[in-house]
Amino acid sequence: MRNYAIGDALARFMRMRGYNVLHPMGWDAFGLPAEQYAIKQNVHPRVTTEQNIANFRRQIQMLGLSYDWEREIDTTDPAYYRWTQWIFLQLFNSYFDLVDKKAKPIAHLIHELQNENLVVGPDGSVHLNPTQEGLEAIFGDMRIERLWRELDEAEQRAVIDGQRLAYMDDAAVNWCPGLGTVLANEEVIDGKSEVGGFPVVKQPMRQWVLRISAYADRLADDLAELNWPESLKDMQRNWIGKSVGAEVDFDIDPASIPPAGAGEDDGLTVTVYTTRPDTLYGATYMVLSPEHELVLRITSPGNRAAVEAYRAAVATRSERDRLAETKDKSGVFTGAYAINPVNDEKIPVWIADYVLMGYGTGAIMAVPAHDQRDFDFATKFKLPIKAVVMPDDGWLKSTMSGKWKTLEPRIASEEMVMSVADLNDVVREKVEEWSAEEQDRMAGLAQSGDGHLLNEMRRAYRNHPEAFGAAFAGEGIAINSLAINDLATAEAKERMAHVLAAEGTGRKAVKYKLRDWIFSRQRYWGEPFPIILDASGNPLAVPEAELPVTLPEMADFRPTGTMDPPLSKAKDWINVTVDGKPAVRETNTMPQWAGSCWYYLRFIDPSNPNRFVDAEKEKYWMPVDLYVGGAEHAVLHLLYARFWHKVLFDLGHVSSPEPFQRLVNQGTILGEPEYTVFETAEKRAVSAADVEMVYEAASDVAEAKMKSSGETVFPRRVDEADVERMKDGWVLKADPGIRVDSRSYKMSKSRGNVVNPDQVVGEYGADTFRLYEMYMGPLEAQKPWNTRDIVGMSRFLSGVYRNLVGDEEAGKTATITDGQIPDDLDRQMHRTIKKVGEDIESLRFNTAIAELIKLNNEIGRMGAEVPRALAETFALLLAPLAPHLAEEIWNRLGHGESLARAAWPKFDAAKLVETTLELPVQVNGKLRGTVSVPADAGEEQVLEAAVLVGSVKPWLEGKTLAKRIYVPKKLVSFVVK
RNA sequence: GCAGGAGUGGCGGAAUUGGCAGACGCGCAGGACUUAGGAUCCUGUACCGCAAGGUGUAGGGGUUCGACUCCCCUCUCCUGCACCA
């Protein structure tokens, strides 16, 4: 509710300033939350959706929000989703041109293929025709690409369908049995569904997918120009996850793998992706993801059983279990060896679940000395660790110092002895014989930066990086790396890229974490796809003229319990005829986010039957000047909407490359603060200082345990009256030794701390409610609700009413005069006009309200008569924040017209100037008094007056005046000795 | 673990080119009006101290005539990401 109050206040303010304001409201009502609710209520989602919209609309109107209801839209209305489907067809009918880096119509792609500017690769990918590039001489004989005319119809079709921005794919998807649908990566948090928290498993399935990854670069780069919170931009950049590195080809040693079978190739190559090609010489083993396609082919007979068992174990483990075990590495050796292209070293090939199939190439070169994960793995499986980057001195010192300090002499590792042997010139003792004091002494020595010892440490690192107990992942100077020795990391990367390119064994590569957007949902309550599948399962677009494809009415809309969508039961709806041949409709529906990807455009022109938005109107209003929304949409709605918008922009349907110019996050409102005491099973209270929350692996369940004993303790809520504040925390009044936990929790039904706006508005009125929400503090911050505080705003408003209208209970009417505003009050009024205007503009509503309260208090002090000019100005200033009361005052002042369109008051800069200044006077930085001087007094005049101030004088007597400082119109400061 | 944000009275918060810390609201205390007050008005309210004065913006150090504000270290809380090679 808070964001609505904010948006409305700003909208009203801007209208009074003379702007055209588009301030609409709409309902994004398709999708899982709405459908889950309907299933729970056992009512058709259409019905529950309408009920919820009606209730929401009632609450919003109750608050007096100045929405333009003629622009109201509903994403579940066929007149709306007709255009959602239309935009889907735009995606379906376009592809991403890699040269121009933008979407273009698919017809253009076909044209380019027919003209043989483009050719088709063996995997169906599309490339520039090398013969057009004058490379025929080189590639002519061994051309692996094919020309368009060399493909049969089915192949042509597959190539085109594979290039669309909306395409069908068989990839492994996030199947959520609890919801009976597939989810997008963005909808899965910690291996569970964002909606409902159900487990999610990976499952191959044929799905509609949107090629958002093609836009990864532009989605990341264009963030720079947007006026959004940095944290939100970071979240999007992080999600897009761009990384620059290199791909390196490792040949598999043919002698180490089973001989090739029929139709199999002997010369196998595994390509790995790395961001640190400069560490290639330090690769001591290779790891493939367990799902990697070559795993079974390269596994030797002796290792087969172990490999298969491991693969099976990984496959059955849920995403969540896998995440829970990031500390403890697991994996098995395949028996195969790969050949490092830079030094022809043979390194063992392992499989391990810490390498994910979904990122990079699903295979890594492990450099244990310079990657902590590889280091952990190598340590566990006793694989070699080779240093190829020399760390900075600080790292060497603190790592070695830390290592020595925490050493337990009896179980000191072999490596440690070796490293000490290396440092022998300095350290003669054996590690085993060190006492605790000696450990401390050695740790201090390591930290001291002794030049000789430092040299020894460098030597030790070069030969025994494992002895330092941790990987060095930072940048440094390349060592033990023939081609790039002595180069700093950045240069070493460059140099290595050249070496690899020259050898043909590697190339620069850019990778993204962002995956394509899985767009099908096996649910009922969503937009049907405007797609028909022919007898071979090929997708055909429903002609634009036939849109919308309406959602069939179904009594049983529940998930089927299988992977078949509910729509598969609507037989009449499914079966259609195309060109006299039978075909079926796509039975998946679009996800929750589809409708909200473009609603801001429809608001501009909500009932246009001919276009999704009129082009002229779109140009006039877009982009959105201010978007007030929560950060929870950072990688969902806000990323998806930007993606759709960019596609529409590329295809020339909208005029701006970004939809939302300025965006602010409003903080959520938490429940009332709660106090919690922890007790043992025997109801003995323990201090919260001794309690920590322990999160069980693979679950969200937190248990409170005592730090000292490990005993489980239980929280119990205590009343505010039973606690008091001590110096460093809240304690029980009855037993001040017991600290209690004090915090506010998210509002939730289960916790029972939800505030019902209806009740608050019923008791205090809409204006008070709005004011309270805005007065709580900066809008970005999360704030606890505190019912006790509301009365302050209520008192303020009744004070305003008493001052400007009268006290009806006491039978007094305020007297409005035509007289002059007294000087003091006039100055205060102009100051308030200035401050309120500036504050609202920069969305600081809390301080704007504080300023109005001050002015009202002054008016109250003045007495019974209020000059009309002052009363009118006050009503206008109050109007954006508390519109109902402001309107009534305006009306009582004799205005027939609403003040919603009245002009915002202007302040007179001349009135702000003070004639006398009260300046603070400091002596040696301490405040000793104030001096009153005329505003136009010169420096010397002010300083002379300041010296004579009664409270200042004693501090100057008998001292030497060393310095006199006058900061104009701010303060006076004397330095004495 | 990594990244970002924050830490100011009993509570929500104000003050940022470095210049009177605690605006404004709540709460609390005292008083006025009142049959009554959970209405309204007035006064007070960071802490120690009778006072003079001293101390105070998470803790420690630094720069400065002067630091909530700038620099270094530490702690706590929030938010996001998390085996991303």
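Since the structure is predicted, the reported quantities are computational estimates derived from the model, not experimental observations. In what follows, chains are A, B, ... by sequence order, proteins preceding strands, each numbered from 1.
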NZ/NE/NH1/NH2 to OD/OE distance under 4.0 Å, [X] and [Y]:
{"X": "A:Arg739", "Y": "A:Asp690", "value": "no"}
{"X": "A:Asp376", "Y": "A:Arg373", "value": "no"}
{"X": "A:Glu230", "Y": "A:Lys233", "value": "yes"}
{"X": "A:Glu720", "Y": "A:Lys733", "value": "no"}
{"X": "A:Lys835", "Y": "A:Glu838", "value": "no"}

Does OP1 or OP2 of [N] have a side-chain N or O of [X] closer than 4.0 Å?
{"X": "A:Arg795", "N": "B:G27", "answer": "yes"}
{"X": "A:Arg373", "N": "B:C84", "answer": "yes"}
{"X": "A:Asn786", "N": "B:G27", "answer": "no"}
{"X": "A:Arg802", "N": "B:C41", "answer": "yes"}
{"X": "A:Arg743", "N": "B:C78", "answer": "yes"}
{"X": "A:Tyr273", "N": "B:A85", "answer": "no"}

Sugar-phosphate, base or nothing in reach of [X], heavy atoms under 4.0 Å:
{"X": "A:Lys513", "answer": "base"}
{"X": "A:Pro778", "answer": "sugar-phosphate"}
{"X": "A:Trp785", "answer": "nothing"}
{"X": "A:Glu918", "answer": "base"}
{"X": "A:Asp374", "answer": "nothing"}

Integer angstrom distance from the [atom1] of [N] to that of [M]:
{"N": "B:G4", "M": "B:C71", "atom1": "P", "result": "14 Å"}
{"N": "B:A58", "M": "B:A21", "atom1": "P", "result": "16 Å"}
{"N": "B:G59", "M": "B:A14", "atom1": "C1'", "result": "24 Å"}
{"N": "B:U69", "M": "B:C84", "atom1": "P", "result": "37 Å"}
{"N": "B:G25", "M": "B:U45", "atom1": "C1'", "result": "14 Å"}
{"N": "B:G7", "M": "B:U74", "atom1": "C1'", "result": "14 Å"}
{"N": "B:A6", "M": "B:U16", "atom1": "P", "result": "15 Å"}
{"N": "B:C48", "M": "B:G56", "atom1": "C1'", "result": "11 Å"}

- Item | 5' precedence on RNA chain B between A:Thr275 and A:Tyr775 (nearest-nucleotide basis) |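 Between the two, 5'-proximity favours A:Tyr775.
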- Query: When the nearest nucleotide of RNA chain B is assigned to A:Val972 and to A:Ile790 on a heavy-atom basis, which residue is associated with the more 5' position?
  - Reply: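 Of the two residues, A:Val972 wins.
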- A:Asp741 (side chain) donor-acceptor with A:Ala688 (main chain) under 3.5 angstrom: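 Flag not set: sc A:Asp741 to bb A:Ala688 has no pair under 3.5 Å.
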- Task: Under the side-chain hydrogen bond (donor to acceptor under 3.5 Å, both in side chains) rule, what do A:Gln828 and A:Asp824 come out as? Steps first, then yes or no, please.
- Result: CA-CA 6 Å; A:Gln828 175 73 19; A:Asp824 283 0; over 6 Å; no
- Taking the side chain of A:Asp789 as its heavy atoms from C-beta onward, which of B:C81, B:G25, B:A23 lies nearest to it?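 The answer is B:G25, which lies nearest to the side chain.
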- Test applied, side-chain contact (heavy atoms from CB on, under 4.5 Å); reference residue, A:Leu638; option that passes from A:Glu632, A:His633, A:Met235: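 Of all the options given, the one that passes is A:His633.
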- Report the glycosidic orientation of B:G9: syn if within 90° of 0, anti in every other case.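 B:G9: syn.
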- Note on the structure: In B/S/- notation (B base, S sugar-phosphate only, - none; protein heavy atoms under 4.0 Å), nucleotides 47-67 of chain B written 5' to 3' is -------SS---------BS-
- Gap separating the OG1 atom of A:Thr668 from the CD atom of A:Gln666, nearest 0.5 angstrom: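 Rounded to the nearest 0.5 Å, the OG1-CD separation comes out at 8.0 Å.
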- Message: Using a distance-only criterion (donor-acceptor N/O pair, under 3.5 Å, no hydrogens), is the base of B:C83 paired with the side chain of A:Lys329?
- Response: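 Answer is yes: a donor-acceptor pair is held.
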